[in-house]
Amino acid sequence: MGETDRVSDLERRELLEEEVETRGASQWQLVWRRFKKNRTALFGAGILLVIVFMGVSAPFLTFMGVLPDPNSTIFLIDPPELGGGSRALPSIFHPLGTDKLGRDVLSRIFWGAQTALIVGIVAMLLSTIIALAVGGLAGYFGGRVDAGLMMVTDVFLVMPVFLIMLLMIKILSIFVVAGFGLWIVITVLGIFGWPQMARMIRAEFFKLKNLDYVEAARELGASNRRIMLRHILPNALGPIIVVFTLGIAYNILAEAGLSFLGFGDASIPSWGWMINMALEIVSVQPWLVLYPAFMIFFTVLAFNLMGDGLADALDPRLWR
Amino acid sequence: MIEITRLAKFLLRRLLFSIPVFFGVTIITWALMYAAGDPVRLMLAGTPYITQDVVDNLRHYYRLDRPVWEQYFYWLLNIFQGNLGTSFYFHSPVATLLIPWTIETLKLQLSALALAVILAIIVGVYSARHPYSIADMGVTTMALLGVSMPIFVLGIFGLLIFSQSLHTLTNGLFYFPASGAHAWNYRSFPFPLFLADAAWHMVLPMLVLTFTFMALYVRLVRSGMRETLQQDYVLAARASGLSNIKVVYKHALRNALIPLVTYIGLAIATAFAGAPITETVFTWPGLGYYYVQALNNLDFPVIMAVISILTVLILAANIIVDMTYGIVDPRITVG
């Protein structure tokens with residue numbers, strides 16, 4: 001028994017212990033363990049934490065008077081010594097300056113985090129519900145149901161979706177009372193965001209429904225609904241979470257794009273709108289574009305990093 | 001001969017799928033615009049002293065006194081005769097307006113797409129052959145940044161740096177134009193100058209678009225190539241003494257490109273639909289730019305025409321992409 005053998009023996013025992021421990025852990029604990037090891041994914045989670053904090057704290061900070069009201073243009077009448085006025089330079093009172101209407105930029109950045117997160121997550125929830133219904137039914141039942149539903153999905157995939165979203169927002173905003181503009185954007189993004197996810201869910205359901213355990217459940221007399229919700233859905237959850245996370249990133253980008261073109265809700269602080277408003281003066285005050293642009297960038301980056309990390313963590317075949 | 005009939009059958013089937021898609025999209029668009037209200041009232045907005053007679057005549061002229069399905073039917077009938085209606089805003093036939101817009105959009109989007117695919121293959125393959133090297137890390141980081149950056153932000157800062165700052169730095173000697181696809185007096189240019197001028201205007205928007213497209217494609221090529229390089233047949237090719245270049249580009253590349261080709265079919269729809277943002281940033285006189293203008297002017301014939309023509313372009317592009325499947329992967333035969 002040489003020195004080296006003892007070392008390798010120890011290593012082997014450690015590995016063995018890890019193996020035993022691994023078997024005891026649930027699937028989600030495993031996923032978390034793999035996710036933790038991924039440094040870039042954790043970086044994304046860290047950025048996201050900051051942005052969630054900004055979004056959640058914005059109303060409290062405004063209420064406590066730390067941040068000015070993001071919609072208040074009252075600083076127009078502030079004398080320039082107090083940092084008021086239209087497009088004022090950064091000062092102690094307005095650390096990032098004010099925008100065209102004299103509103104505090106820092107406050108709008110904080111509130112914009114809330115808007116971006118709400119748009120991204122709520123629209124994606126709506127998309128997920130539609131995708132689950134379409135993809136789940138198509139994959140589970142197959143045959144004519146599948147053919148019909150996939151036909152609809154294919155139509156949605158080849159549409160010039162962004163153009164139709166623009167048109168829908170334009171038309172819907174004729175009918176909807178001011179102040180609900182954001183909900184139009186959310187609804188429209190949700191209605192058009194489901195096809196790719198539906199395809200993925202269909203493939204998962206198709207794969208899982210033929211497995212033995214589903215067959216066993218069926219023989220034991222489980223209803224179709226129970227099989228789909230209790231037996232298949234939990235096992236298809238991994239890829240759904242990944243697509244969900246990446247979809248949020250896409251929605252935030254899309255909302256920014258819509259606002260940039262002037263098709264968002266002007267009454268709510270949104271990073272896209274801030275860029276839209278600052279664009280006419282970008283050659284003189286580029287920072288008014290820079291702040292919201294970097295917020296959009298970091299938020300989308302955070303969701304992308306987390307999506308990639310989750311994909312690695314949830315799919316053991318890719319695990320290295 | 002069999003090949004040709006199979007191809008014809010495939011084309012026929014794809015066309016049969018395309019027709020309901022076209023109807024679906026146009027009917028949705030039509031219904032949305034019908035919900036927006038009476039276009040005659042819009043056309044006459046701000047025009048004083050209009051009698052009810054004139055309004056009625058106009059409504060009759062545009063067949064607005066007919067049921068909505070009949071209006072749609074007339075629109076379809078007119079389309080097949082090459083009549084896309086008259087723009088409310090430009091007061092000229094939409095068909096003649098549409099031709100230059102479509103050319104400008106296709107020119108920009110397709111050249112950016114082609115450049116992005118070529119560069120993505122070169123960069124992605126290099127990255128996959130040297131995994132976790134400094135160059136690979138740089139490529140993957142840039143790709144991630146490109147995916148996360150809104151294209152209008154890239155565009156704005158591209159304009160600030162390469163148009164405005166460059167203009168200031170070189171005292172106006174060398175810079176890239178900030179808007180438009182041609183110089184204002186391009187019609188008087190001789191042909192070589194016309195080409196050079198068009199290319200000069202295209203550089204900045206094309207590079208920004210290429211970067212955004214590339215970010216997506218590089219990741220696909222890289223992961224596809226890494227997966228392929230680990231397969232047994234690649235090892236066999238290496239073991240039989242083939243040169244590295246031959247193994248990678250002749251044996252592995254085709255298989256590694258399958259995910260990219262699959263994706264491009266979808267990407268074309270996204271690219272064309274994304275035209276409004278890119279073209280608005282660069283004031284590029286294409287379909288997307290005028291579509292946003294038409295929406296703001298509620299110019300319904302133009303809206304309808306742009307959506308229809310983009311749908312047709314996307315469907316055509318999809319058929320072409322599906323046909324290239326067979327070239328990339330002989331196991332998949334079309335038809």
Side-chain angles (χ1 to χ4, degrees), chain A residues 40 44 151-152 154-172 174-175 192 195-196 199 246 249-250 252-263 271-272 275-276 278-279 282-283 286 289-290 292-294 296-305 308 318, chain B residues 17-18 20-22 24-25 28-29 31-37 140-141 144-145 147-154 156-157 159-160 163-165 219 223 265-266 268-270 272-277 280-281 287-288 291-292 294-296 298 303 306-311 313-315 317-318:
Chain A
T40 46
M151 179 89 182
V152 177
D154 284 348
V155 171
F156 268 82
L157 274 175
V158 294
M159 272 186 188
V161 170
F162 196 75
L163 300 185
I164 296 179
M165 287 203 299
L166 287 175
L167 178 65
M168 265 183 101
I169 290 169
K170 189 84 193 173
I171 304 290
L172 284 176
I174 298 174
F175 300 104
F192 286 104
Q196 299 211 22
R199 272 194 163 184
L246 296 175
Y250 174 81
I252 292 175
L253 272 184
E255 192 268 339
L258 290 171
S259 302
F260 168 74
L261 290 178
F263 287 78
W271 294 331
I275 295 179
N276 179 3
L279 196 58
V282 66
S283 50
V289 172
L290 211 60
F294 271 82
I296 295 169
F297 170 65
F298 277 117
T299 313
V300 175
L301 183 72
F303 278 108
N304 278 335
L305 286 175
D308 287 354
L318 290 173
Chain B
F17 166 75
S18 305
V21 172
F22 179 78
V25 172
I28 290 173
T29 318
L32 278 171
M33 289 188 319
Y34 183 76
T140 41
T141 314
L144 198 66
L145 301 192
V147 173
S148 307
M149 191 67 122
I151 188 164
F152 52 89
V153 171
L154 274 180
I156 292 166
F157 286 101
L159 282 177
L160 269 185
S163 189
Q164 190 191 327
S165 303
R219 302 176 86 187
S223 63
L266 290 175
I268 285 177
T270 332
F272 280 138
I277 295 182
T280 304
V281 175
L287 289 170
Y291 181 76
V292 176
L295 276 179
N296 288 332
L298 291 173
I303 294 173
V306 171
I307 285 193
S308 325
I309 201 157
L310 277 178
T311 310
L313 284 177
I314 290 169
L315 287 170
N318 266 308

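Quick note on labels: first sequence line is chain A, next is B, and so on, each numbered from 1.
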Do [X] and [Y] have side-chain heavy atoms sitting under 4.5 Å apart?
| X | Y | value |
| --- | --- | --- |
| B/Ile277 | A/Phe162 | yes |
| A/Leu163 | B/Phe272 | no |
| A/Phe297 | B/Leu154 | no |
| A/Leu261 | B/Leu295 | no |

Closest approach of [X] to [Y] (non-hydrogen atoms, all atoms of both residues):
| X | Y | result |
| --- | --- | --- |
| A/Ser283 | B/Leu160 | CA-CD2, 3.8 Å |
| A/Ile296 | B/Pro150 | CG2-CG, 3.5 Å |
| B/Val25 | A/Pro160 | CG1-CD, 4.4 Å |

Chain B contact residues among residues 164-171 of chain A, heavy-atom distance under 4.5 Å: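 Result: A/Ile164, A/Leu166, A/Leu167, A/Met168, A/Lys170, A/Ile171.
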What part of [X] gets closer than 4.5 Å to chain A, counting heavy atoms only: side chain, backbone, both or neither?
| X | value |
| --- | --- |
| B/Phe157 | side chain |
| B/Ile156 | side chain |
| B/Val153 | side chain |
| B/Ile303 | side chain |
| B/Ile151 | neither |

Atom CZ of A/Phe192: over 12 foreign heavy atoms under 6.0 Å: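 Yes.
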Excluding sequence neighbours, so at least two apart, what forms side chain to side chain contact (heavy atoms under 4.5 Å, CB included) with B/Asn318?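 Side chain to side chain contact (heavy atoms under 4.5 Å, CB included) check on B/Asn318 returns A/Val158, B/Arg14, B/Ile314.
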[X] side, atom [atom1]; [Y] side, atom [atom2] - distance, nearest 0.5 Å:
| X | Y | atom1 | atom2 | value |
| --- | --- | --- | --- | --- |
| B/Met149 | A/Phe294 | CE | CZ | 5.0 Å |
| B/Leu144 | A/Leu305 | CG | CG | 5.0 Å |
| B/Arg219 | A/Asp308 | CZ | CG | 4.5 Å |
| B/Thr280 | A/Phe260 | OG1 | CZ | 6.5 Å |

[X] portion near chain B, given a 4.5 angstrom heavy-atom threshold:
| X | answer |
| --- | --- |
| A/Leu157 | both |
| A/Ala249 | neither |
| A/Phe303 | neither |
| A/Leu290 | both |
| A/Ile252 | neither |

Go through the steps to decide whether A/Val282 and B/Gln164 satisfy the test side-chain contact (heavy atoms from CB on, under 4.5 Å), and finish with yes or no. CA-CA 11 Å; A/Val282 66; B/Gln164 190 191 327; over 6 Å; no
Let's test your reading of the structure: which of B/Leu310, B/Leu315, B/Val292, B/Leu145 forms the most heavy-atom pairs below 4.5 Å with chain A?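 Of B/Leu310, B/Leu315, B/Val292, B/Leu145, B/Leu145 has the most heavy-atom pairs under 4.5 Å with chain A.
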